[in-house]
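Taking it in order: structure first as structure tokens, then the write-up.
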Amino acid sequence: MIRVYNTLKGEKEDFVPQKDNEVRMYVCGPTVYDLSHIGHARSAVAFDVIYRYLKYRGHKVIYVRNYTDVDEKIKKKANEEGVSSKEIAERYIRAFDEDMDALGVSLPDFRPKVTETMDEIIGFVQTLIDKGFAYVIDGDVYYSVRKFNKYGALSKKNIEELEAGARVEVDERKKDPLDFALWKASKENEPWWESQWGKGRPGWHIECSAMSKKILGETLDIHGGGKDLIFPHHENEIAQSEAATGKPFVRYWLHNGFVNINQEKMSKSIGNILTIKDALKNYSAEAIRLFLLSSHYRSPIDYSPDVLHDAETSLDRFYTTKERMEKEWPDVISKKTDKKNKEERLKPLSDAMDDDFNTALAIGHIFNEVNIANRMMDEAKKSGVGAEFKTLLPVVKAVFDEMGSVLGVFHKRPEEYFNEKKKYIKISEDEIKRLIDERNSARKNKNWTRADEIRKELEDKGIILEDRADGTIWKVKR
RNA sequence: GGCGGCGUACCCAAGCGGUAAGGGAGCAGUCUGCAAAACUGCGAUGCAGCGGUUCAAAUCCGCUCGCCGCCUCCA
């Protein structure tokens with residue numbers, strides 16, 4: 001049984017989809033006005049793994065992640081650059097898609113855009129007016145928060161205190177300071193759509209209510225996003241959707257924690273925004289992904305060179321072992337795995353994932369398997385191949401493959417992994433080969449001084465030499 | 001001020017009532033011409049502090065200290 005932490009309940013509960021094993025899942029995607037940062041990456045990777053795991057466990061998942069392509073900030077950027085909002089939105093959608101692809105984030109089943117959901121949004125707003133939850137003033141439409149008595153349930157906020165603590169300038173025309181805009185009359189230089197209230201555009205929260213209903217229906221099984229979206233965004237979505245349909249909007253609310261940079265929240269004002277593209281300049285996509293999955297998705301994590309370096313080192317360890325399995329024991333690992341054996345070894349991993357998608361624990365178990373594999377291979381080399389070795393090593397390989405495809409890490413071919421690291425070195429491969437040859441002749445002549453000189457010279461350039469039984473190989477040190 | 005969360009070895013991190021997973025770094029050993037990789041051993045009598053509940057607590061309760069997030073655009 002999968003258990004998930006539901007923000008609405010404030011505790012873990014058994015995950016039971018509304019209909020058999022079908023899961024309807026919606027995650028708030030980016031507002032496309034700038035390059036995506038490492039925080040977007042975390043949210044995307046976290047929910048990607050949740051998506052993959054639910055499918056792995058036999059659920060039929062319909063996963064929707066939107067692009068918010070109508071927004072104040074998009075318009076602002078467009079005006080600054082003197083181009084259309086559409087152009088800005090398209091540029092950053094493309095950039096986001098590139099980043100997701102680089103990070104190995106699988107494509108959701110649907111990726112709706114606000115601009116393509118306008119009819120449904122207008123219809124949604126009209127329904128709220130018809131049901132008495134919204135009112136029109138000068139071409140704007142507002143939601144009457146006080147009409148919805150469950151308001152505050154998700155974010156555990158009390159309406160009276162919210163009002164008292166309001167720090168924003170209140171729009172005088174609203175009936176109540178808490179009310180928020182469903183539809184805004186368009187100003188100059190703004191994209192607009194024709195509606196029964198005049199030319200305008202949707203407010204911030206309505207698009208998710210409309211898009212999720214359009215594709216997934218009135219009740220979602222999972223709705224996800226960053227913790228910061230709990231209030232007001234998700235609170236307002238609940239108010240809109242439940243007022244309109246009279247049905248529960250979401251069964252399980254999942255929220256991921258933040259990525260901090262040097263213990264600080266990323267923000268434009270501090271100027272410490274780390275874009276995914278910048279992160280990828282310094283670290284491999286797989287290392288970034290492993291870093292993101294090395295803590296539980298709800299915990300805050302701190303991005304630093306140290307932890308990214310740790311992730312690189314962990315990957316080296318993993319792939320060194322995987323390579324050894326493939327190179328030294330190809331006929332053993334290609335043996336058919338015993339089903340019962342495999343399930344037994346996968347159990348700790350799936351138990352970890354069942355417990356609110358505990359990727360950190362699962363990764364810990366994978367490294368236990370790495371240790372076991374190495375120990376068995378050492379033993380087999382020393383004392384010969386036993387029956388246990390023959391049944392267990394293929395199983396370990398299968399564990400790597402299965403969890404690798406769920407986590408989206410550890411699933412490369414080792415040659416591919418080590419080859420990719422070559423881009424970090426500042427010396428040609430020919431030159432390395434020449435030095436290795438020179439060193440090997442020196443070694444033949446027992447000229448250890450020269451041999452060690454060459455080792456040192458290459459190490460300074462980031463190359464590690466390994467003298468193996470079947471010759472010298474080199475690897476990129478990081 | 002209101003609400004939510006966090007504090008586990010040098011660093012990262014799991015653990016959520018049954019006697020501290022895992023990774024990195026460090027030290028020692030096996031292997032090696034020397035290394036690297038791998039393996040083995042060492043490393044928190046302790047889980048911010050103080051009380052309490054319990055046969056049993058890092059895990060539950062209370063208080064204190066420190067840190068963070070949300071309440072305003074935000075993944």
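Each chain gets a letter, A, B and so on, in the order the sequences are listed, and its residues count up from 1.
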Under 3.5 Å on both distances, the Watson-Crick or G-U partner of B:A14 = none

request  = Using a cut-off of strictly less than 4.0 Å, decide whether A:Asn371 has a side-chain nitrogen or oxygen near OP1 or OP2 of B:U40.
outcome  = yes

request  = Name the pairing partner of B:U19, where a pair is Watson-Crick or G-U wobble with both distances under 3.5 Å, or state none.
outcome  = none

message = In this structure, is the centre-to-centre distance between the rings of A:Trp183 and A:Tyr142 below 6.0 Å?
response = no

message = Over all strands shown, is A:Gly364 touching base, sugar-phosphate only, or nothing at heavy-atom distances under 4.0 angstrom?
response = base

task = Quick one: look up who B:C67 pairs with, Watson-Crick or G-U, both distances under 3.5 Å, and put none if it's unpaired.
result = B:G5

A:Asp99 versus A:Ser36, side-chain donor and acceptor atoms under 3.5 Å = no

remark   = With B for base contact, S for sugar-phosphate-only contact and - for none (protein heavy atoms under 4.0 Å), nucleotides 28-36 of chain B reads -----BBBB

note = Mate of B:U53 across any strand shown (Watson-Crick or G-U wobble, both atom pairs under 3.5 Å) is none

task = Using both distances under 3.5 Å as the test, list the Watson-Crick or G-U wobble partner of B:A25, or none.
result = none

note = Here the distance between atom C1' of B:A38 and atom NZ of A:Lys382, to the nearest Å, is 11 Å

remark   = In Watson-Crick or G-U wobble terms, with both distances under 3.5 Å, the base opposite B:G46 is none

ask   = Is A:Glu459 paired with A:Lys456 through a side-chain N to carboxylate O contact shorter than 4.0 Å?
value = no

message = Counting the atoms with a prime plus P, OP1 and OP2 as sugar-phosphate, which does A:Met266 contact under 4.0 Å by heavy atoms, base, sugar-phosphate, or nothing?
response = base

query = Please give, in whole Å, the distance from B:U40 C1' to A:Glu379 CD?
reply = 12 Å

inquiry  = Please give the distance between the C1' atoms of B:C55 and B:A38 as a whole number of Å.
reply    = 45 Å

ask   = For residues 44-54 of chain A, which residue pairs qualify under salt bridge (charged side-chain N to carboxylate O under 4.0 Å, His left out), counting only residues two or more places apart or in two chains?
value = A:Asp48-A:Arg52, A:Asp48-A:Arg289

message = Does either side chain, that of A:Tyr92 or that of A:Asp69, offer a donor lying less than 3.5 Å from an acceptor on the other one?
response = no

ask   = Atom NE2 of A:His365 and atom C1' of B:G15: how far apart are they, to the nearest Å?
value = 10 Å

inquiry  = Under 4.0 Å, heavy atoms only, any strand: does A:Phe291 hit a base, just the sugar-phosphate, or nothing?
reply    = nothing

request  = Considering only NZ, NE, NH1 and NH2 on the basic side and carboxylate oxygens on the acidic side, decide whether A:Arg317 and A:Glu312 come within less than 4.0 Å.
outcome  = no

query = CH2 of A:Trp253 versus P of B:G4: gap in Å, rounded?
reply = 19 Å

remark   = Per atom distances to the A:Asn374 side chain, the nearest of B:A75, B:C39, B:G5 is B:C39

Euclidean distance, atom NE2 of residue A:His233 to atom P of B:A75 [Å, nearest integer] = 10 Å

ask   = What's the CG-P distance between A:Asn236 and B:C70, to the nearest Å?
value = 17 Å

query = Would one find a side-chain N or O of A:Arg317 under 4.0 angstrom from OP1 or OP2 of B:G23?
reply = yes

message = Starting the side chain at C-beta, find the nucleotide from B:A75, B:G23, B:G24 nearest to A:Ser314.
response = B:G23

Candidates B:A75, B:A37, B:C39 - which lies nearest the side chain of A:Ser43 = B:A75

query = What do the steps show when you test A:Lys76 against A:Asp71 for salt bridge (charged side-chain N to carboxylate O under 4.0 Å, His left out), and what is the final call?
reply = CA-CA 9 Å; A:Lys76 187 164 168 258; A:Asp71 179 271; over 6 Å; no

query = Roughly how many Å is it from CE in A:Met353 to P in B:A21, rounded to a whole number?
reply = 22 Å

ask   = Just to confirm, is there a sub-4.0 Å distance from OP1 or OP2 of B:G2 to any side-chain nitrogen or oxygen of A:Asn158?
value = no

inquiry  = Using atom P in both nucleotides, what's the gap between B:A44 and B:C60 to the nearest angstrom?
reply    = 25 Å

inquiry  = Base, sugar-phosphate or nothing for A:Ile38? Non-hydrogen atoms, less than 4.0 Å.
reply    = nothing

task = Would you give the length of the straight line joining atom CZ of A:Phe418 to atom OG1 of A:Thr320, rounded to the nearest 0.5 angstrom?
result = 3.5 Å

message = Each nucleotide in nucleotides 6-14 of chain B should get exactly one letter: B, S or -. Can you fill that in based on protein heavy atoms under 4.0 Å?
response = ------SSS

message = Please report the distance, rounded to the nearest Å, between CG in A:Asn256 and P in B:C68.
response = 20 Å

A:Ile454 side, atom CD1; A:Thr449 side, atom OG1 - distance, nearest 0.5 Å = 11.0 Å

task = Remember a base hit wins even if backbone is also touched, and classify A:Lys227 as base, sugar-phosphate or nothing at under 4.0 Å, heavy atoms.
result = nothing

ask   = Contact class for A:Ser36 vs. all strands (heavy atom < 4.0 Å): base, sugar-phosphate, or nothing?
value = nothing

note = A:Lys157 has its side chain closest, among B:G5, B:G15, B:C71, to B:C71

ask   = Okay, side chain of A:Glu235, backbone of A:Ser155: is any donor-acceptor separation there less than 3.5 Å?
value = yes

inquiry  = Need one value for A:Lys265: base, sugar-phosphate or nothing, where a base atom within 4.0 Å counts as base even if backbone is also close, heavy atoms only.
reply    = base

query = Are A:Arg65 and A:Tyr26 in a cation-pi setup, meaning NZ or CZ lies under 6.0 angstrom from the ring centre and within 45 degrees of the ring axis?
reply = no

message = If I take atom CG from residue A:Asn447 and atom OG from residue A:Ser441, how far apart are they, to the nearest 0.5 angstrom?
response = 9.5 Å

